[in-house]
Every structure is written in structure tokens, then in C-alpha cells.
Asker: 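Here it is, the structure in full.
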Amino acid sequence: QQQQQQQQQQQQQHKPKKSSNTKGRGKKDEAKKLTRAKALKILGLSTPAGAPQPSAEEIRKAYRKAAMRWHPDRRQNHGREEDAKRRFQDLRDAFEWLQSAPEQSA
């Protein structure tokens, strides 16, 4: 029995491990899908047609406000950490996209 257990342990050690990131989305794919209008909507800034675009300062304030609301460590998000984490990551991606491409339009 001991020999069988040792053989099983050795076989398990030699098996290739599965990638843990098979479910995650790539940042490059997400960045391609993101537009200025979508990024602003994620941050809670809606821009009706013909309305002036928000300034960099307004975008920064909206990001900080939304990040404080959806941070996974906030007490109000206990019990829904996965949703808060996803939204927080979406906020960060949207803000970074707007920072790197501020002149792009919807």
C-alpha cells in the first residue's frame, strides 16, 4: 500500500498544472472594446449628445468617488466582494484608458 501511495504521489507531482487564469479576461481585449463613452459611463459620468466633455479634473473626481464606493475592502461591500472587485477593476481600467487616450471620442 505504501508503494502504491508513493507512486500516486509521484504521478501527481509530474502532472502539468492547469493555468489558473483561464477564466480571466485580457487587458488588451478589454482595452479594444472600451470607448470614451463607455469609460465615462463606468465612472458615472454621462454625457448627453451636444454636452461638453468632462474635464480631466472632473474625471479624476468621479473616479475617486466611484473607487471609494466599490473598493472591495469597504465594509459596505462585505458579502459581495467578487462583484465589488470586478467593478473596482472596471473602474481602474476605464480611468487608465481615459488617462492614456484623453482625446479619443466615442
Asker: Could you measure the distance from the CD1 atom of Ile42 to the CZ atom of Phe95? Nearest 0.5 Å is fine.
Answerer: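 Interatomic distance, Ile42 CD1 to Phe95 CZ, rounded to 0.5 Å: 13.5 Å.
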Asker: Not counting sequence neighbours, which residues clear side-chain contact (heavy atoms from CB on, under 4.5 Å) with Glu57? List them please.
Answerer: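 By the side-chain contact (heavy atoms from CB on, under 4.5 Å) rule, Glu57 matches Ser55, Arg60, Lys61.
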Asker: Does Leu34 share a hydrophobic cluster with Ile59, counting links as ILVMFWY side-chain heavy atoms below 4.5 Å and allowing steps through other members?
Answerer: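 In one cluster: yes.
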Asker: Which pairs, with at least one residue in residues 76-85 and sequence neighbours excluded, count as a salt bridge (charged side-chain N to carboxylate O under 4.0 Å, His left out)?
Answerer: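 For residues 76-85: Asp83-Arg86, Asp83-Arg87.
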Asker: Using atom types as modelled, flag every donor-acceptor pair under 3.5 Å from a side chain in residues 62-75 to any protein atom, sequence neighbours excluded.
Answerer:
from	atom 1	to	atom 2	distance (Å)
His71	ND1	Asp73	N	3.1
Arg74	NH1	Met68	O	2.9

Asker: Holding to side-chain contact (heavy atoms from CB on, under 4.5 Å), I want the full list of residues that pass it with Lys41, two or more places apart in sequence or in another chain.
Answerer: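 side-chain contact (heavy atoms from CB on, under 4.5 Å) list for Lys41, sorted by chain: empty.
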Asker: Does anything in residues 33-61 pair up under ring-ring contact (aromatic ring centres under 6.0 Å, His included), and if so which pairs, sequence neighbours excluded?
Answerer: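 Output for this query is empty, none listed.
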Asker: Please report the shortest heavy-atom distance between Lys38 and Lys33, naming the atom on each side.
Answerer: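 Distance-wise, the nearest heavy atoms are NZ-O, 3.3 Å.
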Asker: Who are the side-chain contact (heavy atoms from CB on, under 4.5 Å) partners of Gln53, not counting sequence neighbours?
Answerer: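 Scan of Gln53 (side-chain contact (heavy atoms from CB on, under 4.5 Å), adjacent residues dropped) gives Arg36, Leu40, Thr47.
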